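Remarks on the structure that follows.
This is a predicted model, so every value here is computed, not measured.
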Amino acid sequence: MVALPEGRRLTLTFQGVSKWYGDTVALAEVSFELEPGVTGLLGHNGAGKSTALALCAGFADPSTGTVRVLGHDPRREPEVYRRIGIVHDRDGLWPFLTARELVEMMAGLRDVPDPPRAAAEAIAWVGLEDAAERRVGGFSKGMRQRVKLAQALVHSPELLLLDEPLNGLDPVQRRHVVELIRRLGAEGRTVLVSSHVLHEVERMAPRVVVLVNGRLVAEGETGAIRDLIRDRPRTLRIAAGGAAQALARELVGEGLASGVRIDNGALVVETGDMDALGRRLMPLARDLSATVDRVEPLGDDLESVYTYLTDHARGRGR
């Protein structure tokens with residue numbers, strides 16, 4: 001696959017983009033810009049990731065705002081499609097074709113000069129050489145994902161739109177695809193890869209865009225977003241029997257808890273420094289001759305993480 005020229009250039013821009021379907025708002029005033037390299041599109045299910053990718057691909061018009069792909073309007077200038085590769089979250093592969101036939105056909109539809117050669121190269125990139133002559137209908141989900149990736153790569157696109165590309169892959173396949181995506185970004189291609197799992201995005205993308213309920217709530221270096229999430233206030237439920245009140249006084253006194261309350265005999269603690277609290281909890285319990293039976297995080301699900309990012313963005317006046 002041919003490497004692309006170096007140099008700063010905007011590949012994809014969203015400017016004030018909103019998209020609604022009837023009374024449902026899928027995206028609300030979203031703006032961001034992408035340059036060559038890998039960017040993660042992070043958000044919970046229903047956050048608007050697939051809608052954003054559909055707008056990038058020209059599958060739909062924004063209700064308001066503008067989308068530009070490689071300087072073009074994807075809905076008005078269809079020639080830009082030759083420069084885009086798409087891995088959709090839906091499975092629309094023809095089950096009666098072999099992997100080679102399917103990828104070669106897609107190369108022909110995109111006017112690739114030598115479809116057989118391009119298909120063979122794309123199949124090798126995704127590690128499907130041994131299964132190339134098998135019909136796709138008999139493939140596992142992970143293998144079908146790799147066929148979808150091969151057909152997206154066969155015409156050597158400048159922009160790749162990947163919707164949850166790691167779904168269905170086993171650990172070995174995931175590692176292979178993650179390495180492939182990183183190589184594509186290093187070549188100078190622009191890769192926008194969606195996921196709801198931060199640690200997966202972190203392996204592929206040095207930059208991330210975070211959507212919550214259709215709104216852009218954070219963007220920047222992936223490590224900075226990870227640190228923001230890690231440092232968010234946390235809530236713990238501590239079962240400490242009759243010593244709950246005494247333990248609460250000590251935690252507040254040492255500045256380890258910003259808020260405490262007793263709930264059905266258990267201590268509910270809010271803290272901004274989970275590590276420090278974890279180090280001191282058991283020594284304090286020992287000093288009080290208390291028995292800690294259980295420590296349980298509350299509000300630690302993915303939805304609460306994104307809600308925190310939403311609140312953080314609002315606090316910055318976004």
Is a salt bridge present between Arg207 and Glu219, judged by a nitrogen-to-oxygen distance below 4.0 Å?
yes
Are side-chain heavy atoms of [X] and [Y] found at a separation under 4.5 Å?
X	Y	result
Glu187	Pro36	no
Leu267	Ile262	yes
Pro157	Arg83	no
Leu41	Asp163	no
Glu35	Leu10	yes
Leu166	Ser195	no
Leu236	Val268	no
Arg294	Arg237	no

For the side chain of [X] and the backbone of [Y], is there at least one donor-acceptor N/O pair under 3.5 Å apart?
X	Y	answer
Glu77	Asp73	yes
Lys49	Leu42	no
Arg182	Met204	no
Arg174	Leu169	yes
His72	Pro78	no
Glu104	Glu101	no

Parallel, tilted or perpendicular for Phe14 and Phe32, by the 30°/60° rule?
parallel
Is the number of heavy atoms from other residues, nucleotides or ligands within 6.0 Å of [atom1] ([X]) greater than 12?
X	atom1	result
Glu129	CD	yes
Asp263	CG	yes
Glu296	CD	yes

Over all heavy atoms of both residues, which pair between Leu192 and Cys56 is shortest? Give the atoms and the distance, please.
CD2-SG, 4.3 Å
By the definition side-chain contact (heavy atoms from CB on, under 4.5 Å), identify the one residue from Val126, Val103, Leu128 that meets it with Leu149.
Val126
Between CG of Leu247 and CG of Leu281, what distance do you get to the nearest 0.5 Å?
6.0 Å
Atom CD in Glu200, atom OG in Ser194: separation rounded to 0.5 Å?
10.5 Å
Is there a path from Leu102 to Val112 through hydrophobic residues (I, L, V, M, F, W, Y) whose side chains come within less than 4.5 Å of each other?
no
